[in-house]
Each structure stands twice: as C-alpha cells, then as structure tokens.
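Take a look at the structure below.
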Amino acid sequence: MTLFDANTWIGRWPFAFLPAHDARSLVEHLHRHGIRRALVSPLDAVFAPEPGPANRALLRATRGIAALVPVPVINLALANWREELAACAADPRVIAVRVLPNYHNYRLTSRVADELVGELQRRRRRLIVQVRLVDERHEYFALRIKGVPTKAMGTFLARHPQLPVLAMGMYRPEIRELLPRHPRLLADLSLAEWERTVADLLARVSPRQLVFGSHTPFLITAAEVAKLTAAGVPARVATRIATGNLQRFLGE
Amino acid sequence: MCIIDVHTHPVCFREGRSRAAVDALVARGRALGIERMVALGDVLAFSRSQTAAQVALINDETALLLRWHPDYFVGFCYLNPTLGERAVGREVARAVGRGFRGLKLEIANNARAACMRPVMAAAEVHGLVVLQHAWSMTKIKQRAFHTDPEDVATLARRFPNVRIIMAHLTGCGVRGVLAAKSCENLWVDTSGAAPETGLMEYAVEKLGAGRVLYGSDLPVRDLPVAIARVTGSALDAATQRKILRDNARALLQLP
Ligand SMILES: [Zn+2]
C-alpha cells in the first residue's frame with residue numbers, strides 16, 4: 001500500500017525522547033515504513049516567539065526533496081500573520097498551512113480565524129488545524145494546553161460550510177461527533193484508536209473523510225502504519241485513506 | 001509470531017459478552033499471532049468503585065470466558081479493596097477455585113491505601129500476580145483513588161514477595177520507568193495511550209529486557225497497533241520475543 005502521510009514533523013521536541021529529524025532523515029525513516037510522501041511542519045514553530053524562522057528553515061530544508069510537502073505554521077495571534085502567510089505562499093510548494101490555536105493563544109472562533117479563511121481562499125491554499133500534539137495527560141507538568149474544543153471546531157466549521165479543513169490529532173469521540181456533521185472536514189487517524197480503529201470509525205464516518213497521518217516522530221511510525229495497513233477494510237477504502245483523500249484535499 | 005497479551009478487557013463497558021463476540025475475538029487474536037490473552041474483566045463496568053455483587057458479576061464473566069476458551073484466556077480476578085478484608089477474601093477464594101492466576105486493581109483506591117494489605121496478603125498466599133492500574137497523574141488531580149507509578153513502587157516495596165505488573169508504560173512514561181527501576185518484583189506492561197516513540201527502548205534500557213510485558217488494553221487499543229509498538233521499536237528480535245511472550249510465560253507460569 002502506498003502511503004501519503006498527512007502528519008509529520010521535523011525539528012526537536014523538548015518534552016520526550018523523540019528523534020529530532022531533519023528533512024533527509026525524515027524521508028529515509030518514512031521510506032523504511034512504506035511512506036512515499038508526507039506533509040511536514042517544523043516543530044520549532046510551536047514554541048518559538050514567531051514561526052517565521054522555522055518556516056524559512058523548513059522551506060530551505062525541503063527544497064529538492066519531492067517526497068516532502070512543506071506545511072508552514074501560521075500564528076494568528078501575531079500582528080505579522082498576513083505577511084508570514086504571503087511569504088510562505090510565495091513558494092509554490094506550499095499548498096496548505098497549519099495552525100495550532102491552543103499553542104498560540106487564540107480561539108478558532110475568533111474573527112482572525114475567519115480572516116485567515118478569506119486569505120487562504122484568495123490564495124487557493126488549504127487549512128490544517130492541529131487539535132493537539134500530545135495526549136493532554138502527558139503534557140509537561142507546568143503546561144496547561146488543552147485540545148481545540150470540539151464545540152469551537154463545530155462553530156468554526158458551521159461558519160464555513162464549504163471550506164475543506166483537515167484536522168490533526170483528534171480523538172475517536174471527537175471524530176465520531178464532528179465528521180458526520182461536517183462533510184468537508186477531514187481527520188487524520190494519528191490519535192484516534194480503538195480495537196479495529198478504521199472499521200470502527202467507518203461505522204459513523206464517510207471513507208472520504210479520513211486520512212492517514214503517522215504523527216512522526218511523536219508516535220511509533222510502524223504502529224500508525226499498522227493501524228491502516230492491518231485494518232482489514234476493503235482495498236478501495238484503504239487506498240482512499242492512504243492517499244486519495246489527502247490528494248483531493250490538496251487539489252491534486 | 002507468538003504473543004501473550006497480559007492486559008485485555010474482552011468485555012468492556014458491558015460490550016463483548018456474547019459467545020459470538022468472544023469467539024470472534026479469539027479468532028482475531030490467533031490470526032494476529034496472539035496465543036493467550038489475560039482477561040482482566042470489565043473493570044469500569046458500573047463505576048470506579050463497584051459493589052460486591054458487581055465485582056462478583058465481573059469475575060463471573062471472566063470465568064465464563066475461561067470456560068468457553070480454557071486454552072486461550074488466563075483469568076485475573078478484579079477486586080475492589082475498599083469493600084474490606086472479608087469481601088476480598090471471598091472473591092479471591094472463588095478466583096483460586098476457578099484457576100485464575102492474578103488479581104486486577106483499578107481505580108477504587110490508590111495502591112498505597114491500607115485496604116491493599118489483605119489483597120496483597122492473599123496474593124502472596126496463593127502465588128497470584130497483581131496487575132495494578134497506574135498512570136502518571138501529575139495533570140489529573142485524582143490521586144486519592146488513582147495510582148501513580150510511585151505508588152505502585154511503594155506497594156512493591158511493601159510486599160516484596162508479590163509479583164506486580166504496573167499497567168500502562170505509555171501512561172506512566174519515563175517517570176514511571178524510573179519509579180519502577182529499583183523494584184525487582186515489579187514488571188511493566190506496554191499498554192496505555194497512543195504509541196509514543198522511544199518509551200519501549202527506554203523501559204528496556206532501565207528495567208532490562210525481562211521486566212517489560214506486552215499488553216494491549218484491548219479494546220481501548222487496536223491490536224495490530226499495540227503489537228507494532230514492540231515490533232516497530234528499535235529493540236532487537238530476541239528482546240522483542242521476551243516482551244511479546246517469554247516474560248509473560250515465565251511470570252504467569254504458562255506452558
Ligand atoms: Zn486496562
């Protein structure tokens with residue numbers, strides 16, 4: 001099965017013993033697990049004062065590596081977000097941007113999120129919302145960063161019913177609640193799990209709305225791959241989740 | 001691949017009780033190379049602190065699994081230690097008569113609580129393994145009844161002749177591994193939360209290959225994903241074999 005991974009990262013994460021991948025080591029690692037292409041964002045953009053330097057480094061590091069589609073991070077709490085978006089969008093490889101509202105101190109229901117939607121539509125770029133990066137129970141003890149609330153996500157999506165949005169890191173109950181109500185919402189599988197995860201989700205959710213995401217390096221890539229490749233769902237459905245839905249989302 | 005899964009809930013939140021469901025689970029397990037499953041019971045079926053009748057019902061269901069598939073399931077007896085010494089004694093006696101091999105503690109009380117004394121005494125007398133729920137609870141202020149890895153270590157030091165499994169490596173994390181390190185009578189199972197990179201290798205480095213046991217926490221986790229936590233780690237094949245089967249076989253004295 002060819003896999004197109006919606007959810008990978010380069011850079012260092014300070015709170016766990018994760019490998020700090022650069023673009024080359026990430027590609028090699030993903031290839032060993034049968035992942036031929038991946039969307040990749042810079043971890044350095046999560047806690048930095050502003051994501052610009054990390055985005056620039058991402059675009060530099062992925063140049064010439066066709067397997068990696070760079071996905072810059074936009075921080076809507078900062079006055080320069082439009083400039084940052086413009087700078088990133090000047091690179092034709094940038095098809096989507098990633099936002100992390102709860103790491104960057106704004107709500108998805110705030111007006112600036114609607115303004116971002118307008119900007120992205122004007123520039124024909126896609127929106128990826130990182131609902132969480134890690135299980136909240138395992139955050140560093142002094143941090144209090146909850147996932148993007150399902151309610152806020154629902155409100156935002158209801159305001160933009162035609163907007164395709166890819167949500168990363170949702171839990172199983174969140175996917176089961178939101179996706180049937182919002183047909184243009186896609187979700188990656190990374191943090192959703194139950195016995196026979198994919199079949200379990202498909203009982204509620206359209207096969208057009210799920211995408212494979214390994215969340216490398218946070219999660220064991222082989223385990224996330226197994227979630228789909230050993231799911232026992234019809235090959236046609238598995239292929240959609242492995243590649244087709246993400247390609248459609250990106251307009252390929 | 002030959003696997004023993006030390007942490008399963010074939011019946012979970014009242015689902016999975018039918019013969020057909022259990023047969024299907026056994027068939028699926030066998031297809032994935034899982035030769036035995038330790039059935040821990042529907043430990044949160046009614047509440048976090050279940051009545052004596054509820055405890056008995058949960059264990060009756062586990063006994064039924066063993067009757068249906070005696071060569072597949074290994075039974076652990078769920079206990080609510082807060083019900084007191086007599087209730088615990090009664091339930092343990094039933095479990096021993098049924099050939100259960102261990103006791104399962106969930107979140108009725110913290111493992112440091114005094115009510116654990118008769119539980120651990122019974123475990124020692126009958127040679128039962130104790131599987132204690134554990135999670136690094138720094139973020140969740142429920143330590144009155146939730147057990148931290150440090151609490152399991154305290155339990156293990158208080159009862160050095162009882163063999164204890166600390167559940168949820170991924171829930172306990174690096175901190176949990178370090179808490180468990182000095183307790184030779186303490187093992188850790190590989191279940192808990194999403195499959196975080198690096199913890200399996202860290203646990204083996206600190207505890208040695210002999211004290212890590214494969215556990216899935218089925219059905220809360222997906223079996224192929226749970227297995228790939230081990231097979232997809234950087235550990236060598238011999239270490240993986242120990243985690244997936246040999247350690248559990250020795251600990252539970254399985255053929
Ligand atoms: Zn469990």
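In what follows, every chain begins at residue 1, and chains take the letters A, B, ... in the order their sequences are listed.
By the neighbour-count criterion of 12 heavy atoms within 6.0 Å, atom CG of B:Asp60 is densely surrounded, having more than that number from other residues, nucleotides or ligands. For A:Arg36, the CZ atom counts as densely surrounded, since its 6.0 Å shell holds more than 12 non-hydrogen atoms of other residues, nucleotides or ligands. The 12-atom threshold is exceeded at CD of A:Gln247, counting heavy atoms of other residues, nucleotides or ligands nearer than 6.0 Å. Enclosure of atom CZ in A:Arg236 is not indicated, since only 12 or fewer non-hydrogen atoms of other residues, nucleotides or ligands lie within 6.0 angstrom. Residue-environment remark: OH (A:Tyr140) stays at or below the threshold of 12 foreign heavy atoms within 6.0 Å. For A:Arg24, the CZ atom sits in a loose shell: 12 or fewer heavy atoms of surrounding residues, nucleotides or ligands are nearer than 6.0 Å.
Minimum interatomic distance between B:Ala228 and A:Ala223 (heavy atoms only, all atoms of both residues): CB-CA, 3.5 Å.
When the candidates A:Glu224, A:His138, A:Glu193 are compared by the number of heavy-atom contacts under 4.5 Å with chain B, A:Glu193 comes out ahead. If you tally non-hydrogen atom pairs under 4.5 Å between each of A:Lys227, A:His215, A:Arg137 and chain B, the highest count goes to A:Arg137. Looking only at heavy-atom pairs under 4.5 Å with chain A, the residue among B:Ser136, B:Gly198, B:Ala193 that has the most is B:Ala193.
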Hey, mind stepping through B:Val174 and A:Phe17 against side-chain contact (heavy atoms from CB on, under 4.5 Å) and telling me if it holds?
-> CA-CA 9 Å; B:Val174 164; A:Phe17 294 136; 3.9 Å; yes

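Interface residues of residues 168-177 of chain A toward chain B, defined by a heavy-atom distance below 4.5 Å: none. For residues 201-210 of chain A, a heavy-atom distance under 4.5 Å to chain B picks out no residue at all.
Summarising the geometry, atom OG1 belonging to B:Thr197 is positioned 5.5 Å from atom CD1 belonging to A:Ile220; distances are rounded to the nearest 0.5 Å. Between the CD atom in B:Glu196 and the CG atom in A:Leu18 there is a gap of 6.0 Å [rounded to 0.5 Å].
Interface residue A:Leu191: only side-chain heavy atoms are found under 4.5 Å from chain B. With a 4.5 angstrom heavy-atom cutoff, A:Glu139 touches chain B via backbone and side-chain atoms both.
Paired with A:Glu195 under the rule side chain to side chain contact (heavy atoms under 4.5 Å, CB included), one option of B:Val220, B:Asp217, B:Leu223 passes, and it is B:Leu223.
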